[in-house]
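Here is the structure we will look at, set down as structure tokens.
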Amino acid sequence: MATPAPSKKVILSGIQPTNRLQLGNYLGAIKNWVKLQKDFDCHYMAVDLHAITARQDPQELRNNTYTAIALYIASGVDLEHCSLFVQSHVPQHSQLAWLLNCYGYMGELSRMTQYKDKSSKAGANIPVGLFTYPLLMAADILLYDTHLVPVGDDQKQHLELTRDVAQRLNGLYGDDTFVVPEPYIAPVAARIMDLLNPTTKMSKSAVNENGSLFLTDSPADIEKKFKRAETDSGKEIRFDEENKPGVSNLLSIQSAITGESIAAIEARYVNKMYGHLKVETAEIVKQELAPIQKRTQELLGDKAELERILKTGAEKATAKAEVTLRRLHERIGFILR
Ligand code: ATP
Ligand code: LTN
């Protein structure tokens, strides 16, 4: 009889289907998901429950969710190696989130930078969900006994909180209650910056859409956005995040796509001008995105097939999530159904 392969470590990650996905989501998250998928047992989601912490138009939310899933597949997420699903299709995420709400502390949640940022923009009525958001994220991760979570740098603090909550429950109910996860933050492209305001991170929900490069932008828009990208005073093209954030951002984008080192890219731009850097970065991004955009459109043309893929993903995920949830119910002292 063949010896069973040693079980692979578990990876899980997700992106909110708010607005259209942007280059930071691709370089900081999805591209790494694809790199890791052969060596790990991977779970990738569109986190629609997280998305409604800000108001969403129903039709747009649905379209953005289909598009996010299509973009994952078009970027190379392989259904042979990964469970691909929509968060709301697996009710255990909401169920575990409630339980974790009873173990997370007000103090630790108030310290989350993302909460401080987003609540300051929410006006007078801040949804409670924005505050408890990190505990839903912890639920996502802990349900699958996840070892590694590939995310951009902005999510590090949420990962720390997940670890703290997991350790707290392990202290109460036994060390094997939850696997304590680690963040996986790739050294390159951990933080792609806004093209117009390169000291803030690129995001889907930026006030000025010209600062974000959306994955579905046309070639003409990509050229236009890079042409207008904020560069810094001076002429020299070198990586210096503090004094040359705009130039450094373009160098990081090139490096993340081509795999070339920053030093090698800098060497190619000795005695060249910012204009060269902008045009060539636009070209590299266009070439990377063209096949992904084409495949995304094909996938979106067959919703029935996408729904079939999501059904299979949700079934696989539910089976695993239910085991973890029951384990916790039993340890907390609930009567099992
Ligand atoms: P929103 O603007 O709706 O808050 P966002 O663009 O910041 O969204 P998220 O859905 O919060 O995107 O993040 C999805 C994933 O993409 C996370 O792993 C996050 O770390 C990564 N990510 C988001 N923006 C960037 C960025 N600018 N650079 C690198 N990674 C990023
Ligand atoms: N909060 C994350 C999205 C997210 C996530 C997750 C990432 C929700 N659940 C689980 C990794 C693992 C963000 O990127 N804003």
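Counting starts at 1 for both ligands and their atoms, following the listed order. Values reported hereafter were calculated over all heavy atoms of this structure, with side chains retained and with hydrogens, waters and symmetry mates removed.
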Based purely on interatomic distance, does [X] place a nitrogen or oxygen under 3.5 Å from a nitrogen or oxygen of ligand 1?
{"X": "Asp154", "value": "yes"}
{"X": "Gln155", "value": "no"}
{"X": "Ala29", "value": "no"}
{"X": "Val151", "value": "no"}
{"X": "Gln16", "value": "yes"}
{"X": "Gly152", "value": "yes"}
{"X": "Gly14", "value": "no"}

N-O pairing of [X] and [Y] below 4.0 Å:
{"X": "Arg308", "Y": "Glu305", "result": "yes"}
{"X": "Lys294", "Y": "Glu298", "result": "yes"}
{"X": "Glu108", "Y": "Arg168", "result": "yes"}
{"X": "Glu315", "Y": "Lys311", "result": "yes"}
{"X": "Asp176", "Y": "Arg331", "result": "yes"}

Working to the nearest 0.5 angstrom, can you tell me the gap between [X] [atom1] and [Y] [atom2]?
{"X": "Thr53", "Y": "Leu136", "atom1": "OG1", "atom2": "CG", "answer": "9.0 Å"}
{"X": "Leu61", "Y": "Gln16", "atom1": "CG", "atom2": "CD", "answer": "10.5 Å"}
{"X": "Phe40", "Y": "Lys8", "atom1": "CZ", "atom2": "NZ", "answer": "9.5 Å"}
{"X": "Ser255", "Y": "Glu266", "atom1": "OG", "atom2": "CD", "answer": "10.0 Å"}
{"X": "Leu300", "Y": "Arg295", "atom1": "CG", "atom2": "CZ", "answer": "10.5 Å"}
{"X": "Ser75", "Y": "Leu289", "atom1": "OG", "atom2": "CG", "answer": "8.5 Å"}

Legend entry - Non-hydrogen atom of Lys118 closer than 4.0 Å to ligand 1: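 The answer is yes, since Lys118 has a heavy atom less than 4.0 Å from ligand 1.
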Inset, instruction - For Val86 and Thr65, work out which heavy atoms get closest and say how close. - result: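 Distance-wise, the nearest heavy atoms are CG2-CG2, 4.0 Å.
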Legend entry - Smallest separation among heavy atoms of Ala314 and Val90, with atom names: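 Closest pair (atom of Ala314, atom of Val90, distance): O-CG2, 4.1 Å.
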Please produce the table of protein N or O atoms sitting under 3.5 Å from N or O atoms belonging to ligand 2, one pair a line, distance to 0.1 Å.
| residue | atom | partner | partner atom | Å |
| --- | --- | --- | --- | --- |
| ligand 2 | 1 (N) | Tyr133 | OH | 2.7 |
| ligand 2 | 1 (N) | Gln155 | OE1 | 3.0 |
| ligand 2 | 9 (N) | Asp140 | OD2 | 2.6 |
| ligand 2 | 15 (N) | Tyr133 | OH | 2.9 |
| ligand 2 | 15 (N) | Gln155 | NE2 | 3.1 |

[atom] - nearest protein heavy atom and its distance:
{"atom": "atom 1 (P) of ligand 1", "value": "Ser205 OG, 3.5 Å"}
{"atom": "atom 13 (O) of ligand 1", "value": "Asn25 ND2, 3.7 Å"}
{"atom": "atom 30 (N) of ligand 1", "value": "Gly24 O, 3.2 Å"}
{"atom": "atom 9 (P) of ligand 1", "value": "Lys204 NZ, 3.6 Å"}
{"atom": "atom 5 (P) of ligand 1", "value": "Lys201 NZ, 3.6 Å"}
{"atom": "atom 3 (O) of ligand 1", "value": "Thr18 OG1, 2.8 Å"}
{"atom": "atom 29 (C) of ligand 1", "value": "Ala190 O, 3.1 Å"}

Inset, instruction - Just jot down the ligand 1 atoms closer than 4.0 angstrom to any heavy atom of Gly28, in number order. - result: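 Per the distance check, 29 (C), 30 (N).
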Legend entry - Lys NZ or Arg CZ of Arg20 over Phe214 ring: under 6.0 Å, within 45°: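 Yes - Arg20 lies over the ring of Phe214, closer than 6.0 Å to its centre and within 45° of its axis.
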Legend entry - Among Arg268, Glu280, Glu260, the one residue meeting side-chain hydrogen bond (donor to acceptor under 3.5 Å, both in side chains) with Gln254: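 The single option meeting the side-chain hydrogen bond (donor to acceptor under 3.5 Å, both in side chains) with Gln254 is Arg268.
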Inset, instruction - Could you see which bit of Arg191 sits under 4.0 Å from ligand 1, with heavy atoms only: side chain, backbone, both or neither? - result: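 Contact part for Arg191 vs ligand 1: backbone (N, CA, C, O).
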Legend entry - Which segment of Gln22 sits under 4.0 Å of ligand 1 when only heavy atoms are counted: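 Under 4.0 Å from ligand 1, Gln22 contributes side-chain atoms alone.
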Inset, instruction - Pick, from Ile192, Ile253, Ile185, the option with the minimum heavy-atom distance to atom 27 (N) of ligand 1. - result: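 Heavy atom nearest to atom 27 (N) of ligand 1 belongs to Ile192.
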